[in-house]
Amino acid sequence: PLLLGFVFAFFGKNYFIGTIFLALLGSFSVVLTYRIGALFWNEDVGRTSGLILMHFPLALFYSVVIMKEGVVVFLVLLITYLVTKSINGLKLTIFNFLVLVLSVASLYYFRLAVGVLITFLVPTAFLINKYRGNPIKSWAIGISSFCAFGFLIYSIGELDFFLSKISEAWIVGDQREEYIGIQNVN
């Protein structure tokens, strides 16, 4: 609501303008997906991944419905792109660093758990990349980051939410197996 408040302040309170704004963020999400794929692998993989996201039904839905999810996807892709660009040896300019910090801070407003997760993943990615040749330090960094994230989620009261989603996924998987007729072989 706050983000759309700025859009509505400039263009008037119109649902169509809000939809256009979120559609533009969805379009930029496709471009960021292309850029991330090109950075990780090559141009063809980036192009294909962008096309897949462009035609993915949930991405299309969230890019025209006024909800937080479209903004969260855009921010996570932007953070992923900037971190990947930096890890691949390209310099992180002051502007890109400020965009990275503001994007992570914005995630706290839109989705608290995602903001906390990204806060731990970004420094972990930088540290693991720094100690890339040393597997013991890389594992120690990864495990300590995982434990710190778990402790923080537990302390803010989101652990029950995460555990309930895991148990729901387990129940849905069991129901799907029953429906298809898959038997557990023990």
Whether over 12 other heavy atoms sit under 6.0 Å from [X] [atom1]:
X      : atom1 : value
Ile136 : CD1   : no
Phe16  : CZ    : no
Ile94  : CD1   : no

With hydrophobic residues grouped by side-chain heavy-atom distances under 4.5 Å, do [X] and [Y] end up in a single group?
X     : Y     : value
Leu60 : Phe21 : no
Phe6  : Leu25 : yes
Leu92 : Phe40 : yes

Under 3.5 Å, which donor-acceptor pairs link side chains of residues 140-148 to any protein atom two or more places apart or in another chain?
unit_1: Ser144; atom_1: OG; unit_2: Ala140; atom_2: O; d: 2.8
unit_1: Ser144; atom_1: OG; unit_2: Ile141; atom_2: O; d: 3.0
unit_1: Ser145; atom_1: OG; unit_2: Thr124; atom_2: OG1; d: 2.6

Exercise for the section: Could you tell me whether the side chains of Tyr34 and Thr48 share a donor-acceptor contact shorter than 3.5 Å? Expected result: no

Handout entry: Euclidean distance, Phe11 CZ relative to Ile20 CD1, rounded to 0.5 Å
Key = 11.0 Å

Exercise for the section: Look up atom CE in Met67 and atom CZ in Phe61, then write down how far apart they are to the nearest 0.5 Å. Expected result: 6.0 Å

Fill in the blank from the handout: Nearest heavy-atom contact between Gly50 and Thr33 is N-CG2, 4.1 Å

Handout entry: Nearest non-hydrogen partners of Arg35 and Tyr81, listed with the distance
Key = NH2-OH, 2.8 Å

